[in-house]
Amino acid sequence: MPSEAELIAQRLEKRARLLEHVDPYPARVQRTHTAAAAAAAFAAAGEPDGEGADAIAVFVVGRVTAQRIMGRAAFFDLTDASGRIQLHFRRDVQGDAFELLSLTDLGDFLEVSGALFRTRTGELTVAAGQWRVIAKALRPLPEKWHGIVDVETRTRQRYLDLIANERAREIARKRVAIVGAVRRFFTDHDFMEVETPVLQEHAGGAAARPFVTHHNALDRDLFLRISLELHLKRLLVGGFEKVFEISRVFRNEGVDARHNPEFTLLESYEAYVDYEHVARMVEELLSFVAQEVNGTLQLAREDAETIELSAPFARTTYRGALREHAGFDYRDYPTVDALRALARERDLPVAEGASWATILDGFMSTFVEPRFVQPTFVFDYPTELSPLAKRKVDDDGAVERFELFINGYEIANAYSELNDPVDQRMRMDEQARKAAAGDEEVELIDEDFLIALEHGMPPAGGLGIGIDRLVQLLTGEHSLREVILFPALRERDRGTHGQVRSDPRA
RNA sequence: GGGCCCGUAGCUCAGUGGUAGAGCAGUGGACUUUUAAUCCAUCGGUCCUCGGUUCGAAUCCGAGCGGGCCUACCA
């Protein structure tokens, strides 16, 4: 009678019958070996016979992922985080307990004791003695061969993806390894890891719409941060010379394969260095992380050229890249109207009321960025696009900023940080004028930050790297949703994912 | 936000106007070294939702919900 509700009812019945013997949800279990440790111990001992005096006795725990029952014997697969080990139950050994095996289902967790042996087909196996259910599952496991392939189910119920798909586990582990390697790189270079506020009076440091929330006791609105920049700079003012933070930031924008409303950002600031220094550090950082997590600097891709992450990376300038790949010099188009006319000529769609800088960036992302498959630094951005970066000494219209592109994606963004409080105030004023004109994605005046700057901030090089994008790059995944365990999705059926609720009274 | 595509059993999928199907999972039976175990039998459906066309709709049309891809903003 297996509709979903009936499958659950059957398992509830089995749970009730187990309860007559023993609690199927004990708080304490016994475990001497993981699946992998059992295999290692068995090999180290010279694969002793399971019935001899030198047999290796183990307690293993894990989830039942396969059952092959054949009359008076049964083979189960037991899976834990280290891998899989086979269990062999025999009627003549188990006695009455053998019948209780019918109360176990795929997905249940078991604790099993017994001696290790190798079957005649060569499979490492526990000759099961005492065993018990340590967690009874009420819902069926995904199909054993195809697993879960439905993208929506895989993201809404990521645990099913993790149970069924080795690739999902691999990505999750690699992400942890990447964040760990990045953190190690910075701490090894004497950077101090800090924590700055998520809830802020002003959401600054980037051009994006923020989330707004409300503090009841203080009775005022607060913003969720959109970047880490302005507080890390306050720490430079405070006298720390090398700081970094790896943390979530929040942007109230669209959701798609490349964007999630919350994502993980790395930012670092180092006093007394410029963006050239930061560029060399980024080369070193990416080489280090790739080597640590992938064991190679090459990123092989299907049907596409291999990406080489070895330093030095290619370099160009914003102006030079546009000249080369878009075929014009932006200095020849100094006004919005001129640039807009050019955009029309090139069939580049331009939003109503877009600024000069926005249109220019449109050229950049459409005609130039996709060309940078191999790691390429683009130096010296127009000042208008970069209100927090220091102007170039010999060129007022450009700032000391670079972005790093790999596989057509922006991976890193860095400046020689603007530390002239007068220039900073003027640039924020300029942004404020744009805001007044209706542009929602501009830097707003943060008076508290300006006051900090006015106390003196040392020259410094700053860096930002989107960790999710970096994970995408190093795993070769095409969608951000694959590298974020629980990406944002629309609400559906009040959290039941369209599934029936279990009802113990049914 | 716009365009295109998709939604069928717990899972993976067939079915494109005429009685809703398969494999796995489940249930019952056979089977003491199997490993996608095998064999026999069997249960299981708001065909995403609502409305329309039709003698008749999973199938055609419309709207909605959810998802995917492309596109626009953003990282």
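What you see below is based on every heavy atom in this structure, not just the backbone, and it leaves out hydrogens, waters and symmetry mates. Being a predicted model, the structure only gives us computed values, none of them experimental. Order of the sequence lines sets the chain letters (A, B, ...), proteins ahead of strands, with each chain counted from 1.
Residues meeting the side-chain contact (heavy atoms from CB on, under 4.5 Å) test with Glu111(A), sequence neighbours left out: Val29(A), Gln30(A), Phe59(A), Val61(A), Arg132(A), Ile134(A). For Arg84(A), the side chain to side chain donor-acceptor pair (under 3.5 Å) partners are Asp77(A), Glu123(A), not counting sequence neighbours.
Regarding Glu253(A), its CD atom lies at a distance of 16 Å from the C1' atom of rU71(B), rounded to whole Å. For Arg258(A) and rA72(B), the CZ to P distance is 10 Å, given to the nearest whole Å. Asn165(A) has its CG atom 12 Å from the C1' atom of rU12(B), to the nearest Å. With rounding to whole Å, Leu224(A) atom CG is found 18 Å from rA75(B) atom P. As a whole-Å value, the separation of Ile163(A) CD1 from rG10(B) P is 18 Å. Following rounding to the nearest Å, Leu473(A) (CG) and rA75(B) (C1') show an atom-to-atom distance of 14 Å. Rounding to whole angstrom units, CZ of residue Arg91(A) and P of rU33(B) are separated by 16 Å. We find that CD1 of Ile8(A) is positioned 14 Å from P of rU27(B), with the value rounded to whole Å.
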Would you be so kind as to tabulate the donor-acceptor pairs closer than 3.5 Å made by side chains of residues 339-349 of chain A, with sequence neighbours excluded?
from	atom 1	to	atom 2	distance (Å)
Arg346(A)	NH1	Ala326(A)	O	2.5
Arg346(A)	NH2	Ala326(A)	O	3.3

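Using a 4.0 Å heavy-atom cutoff across all strands shown, Arg490(A) reaches sugar-phosphate atoms only and no base atom.
Minimum atom distance to the side chain of Leu489(A) is reached by rG67(B), of the listed rU34(B), rG67(B), rU27(B). Distance from the side chain of Leu106(A) is smallest to rA25(B) among rG10(B), rA25(B), rC69(B). With rG10(B), rG26(B), rC73(B) as the candidates, the nucleotide lying closest to the side chain of Gln67(A) is rG26(B). Listed candidates were rU34(B), rU33(B), rG1(B). Nearest to the side chain of Gln86(A) is rU34(B). Of all nucleotides listed (rU27(B), rA75(B), rG10(B)), rG10(B) comes nearest to the side chain of Ser3(A). In the set rG66(B), rU33(B), rU27(B), rU27(B) carries the atom at the smallest distance from any side-chain atom of Gln10(A). Of the candidates rC69(B), rA75(B), rU27(B), the closest approach to any side-chain atom of Arg469(A) belongs to rA75(B). Nearest nucleotide to the Thr125(A) side chain, out of rU32(B), rA75(B), rU34(B): rU34(B). Of the candidates rA72(B), rU33(B), rG10(B), the closest approach to any side-chain atom of Phe117(A) belongs to rU33(B). Among the nucleotides rG10(B), rG26(B), rC69(B), the one closest to the side chain of Lys14(A) is rG26(B).
A heavy-atom distance below 4.5 Å is not found between the side chains of Tyr333(A) and Ile359(A). No side-chain heavy atom of Leu106(A) sits less than 4.5 Å from a side-chain heavy atom of Pro140(A).
rU16(B): glycosidic angle within 90° of 0, hence syn.
Using a 4.0 Å cut-off on heavy atoms, the residues of residues 142-155 of chain A that approach RNA chain B are Glu143(A), Lys144(A), Trp145(A), His146(A), Gly147(A), Ile148(A), Val149(A), Asp150(A), Val151(A), Glu152(A), listed by number.
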Write out a two-atom table: protein N or O, nucleotide N or O from nucleotides 29-31 of chain B, distance below 3.5 Å.
from	atom 1	to	atom 2	distance (Å)
rC31(B)	N3	Gly71(A)	N	3.0
rC31(B)	N4	Gly71(A)	N	3.0

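Residue side chain Asp256(A) reaches the base of rC73(B) through a donor-acceptor N/O pair under 3.5 Å, judged by distance alone. Not a single donor-acceptor contact under 3.5 angstrom links the side-chain atoms of Glu123(A) to the base of rU33(B). Contact annotation: side chain of Arg68(A) to base of rU34(B), donor-acceptor pair present below 3.5 Å.
Only the P atoms considered, rA41(B) is 24 Å distant from rA36(B), to the nearest whole Å. Remark: the separation of the C1' atoms in rU49(B) and rA37(B) is 42 Å, to the nearest Å. As rounded to the nearest Å, rC73(B) and rU12(B) have C1' atoms that lie 37 Å from one another. When the C1' atom is used for both rC40(B) and rC31(B), the distance is 12 Å, rounded to whole Å. The same atom, P, is picked in rG28(B) and in rU34(B); the two are 24 Å apart, to the nearest Å. The separation of rC13(B) from rC48(B), taken at their P atoms, amounts to 15 Å, rounded to a whole angstrom. Distance check on atom P: rU53(B) versus rA14(B) gives 32 Å, rounded to whole Å. Distance check on atom C1': rC43(B) versus rA25(B) gives 12 Å, rounded to whole Å.
Pair check for rC60(B) finds rG52(B); Watson-Crick or G-U wobble, both atom distances under 3.5 Å. The partner of rG1(B) is rU71(B), judged by Watson-Crick or G-U wobble contacts that both fall below 3.5 Å. rA41(B) is paired with rU27(B) under the Watson-Crick or G-U wobble criterion, all donor-acceptor distances under 3.5 Å. Applying the Watson-Crick and G-U wobble criteria (two distances, each under 3.5 Å), rG66(B) pairs with rC6(B).
Ring centroid separation for the pair Tyr415(A) and Tyr381(A) does not come in under the 6.0 Å cut-off.
Under a 3.5 Å cut-off, the side chain of Arg469(A) and the backbone N or O of Ala412(A) do not form any donor-acceptor pair. Judged by distance alone, the side chain of Glu267(A) and the main-chain N or O of Leu228(A) form a donor-acceptor pair under 3.5 Å.
The shortest distance between the side-chain N/O atoms of Arg481(A) and the OP1/OP2 oxygens of rC69(B) is below 4.0 Å.
For Asp77(A) and Arg90(A), each mapped to the nucleotide of RNA chain B holding its nearest heavy atom, the one lying further toward the 5' end belongs to Arg90(A).
A salt bridge (charged side-chain N to carboxylate O under 4.0 Å, His left out) with Glu99(A) holds for exactly one of Arg91(A), Arg17(A), Arg72(A); it is Arg91(A).
Pairs passing the ring-ring contact (aromatic ring centres under 6.0 Å, His included) check and including a residue from residues 467-488 of chain A, sequence neighbours excluded, do not occur.
Judged by centroid separation below 5.5 Å and plane tilt below 30°, Phe263(A) stacks onto the base of rA75(B).
Relative ring orientation between His88(A) and Phe117(A) is described as tilted, the plane-to-plane angle lying within the 30° to 60° band. Ring orientation note: the planes of Trp131(A) and Phe89(A) are nearly perpendicular, at an angle over 60° on the 30°/60° scale.
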Using salt bridge (charged side-chain N to carboxylate O under 4.0 Å, His left out), reason through Glu245(A) and Arg225(A) one step at a time and then give a plain yes or no.
CA-CA 13 Å; Glu245(A) 181 167 8; Arg225(A) 65 182 170 194; 3.2 Å; yes
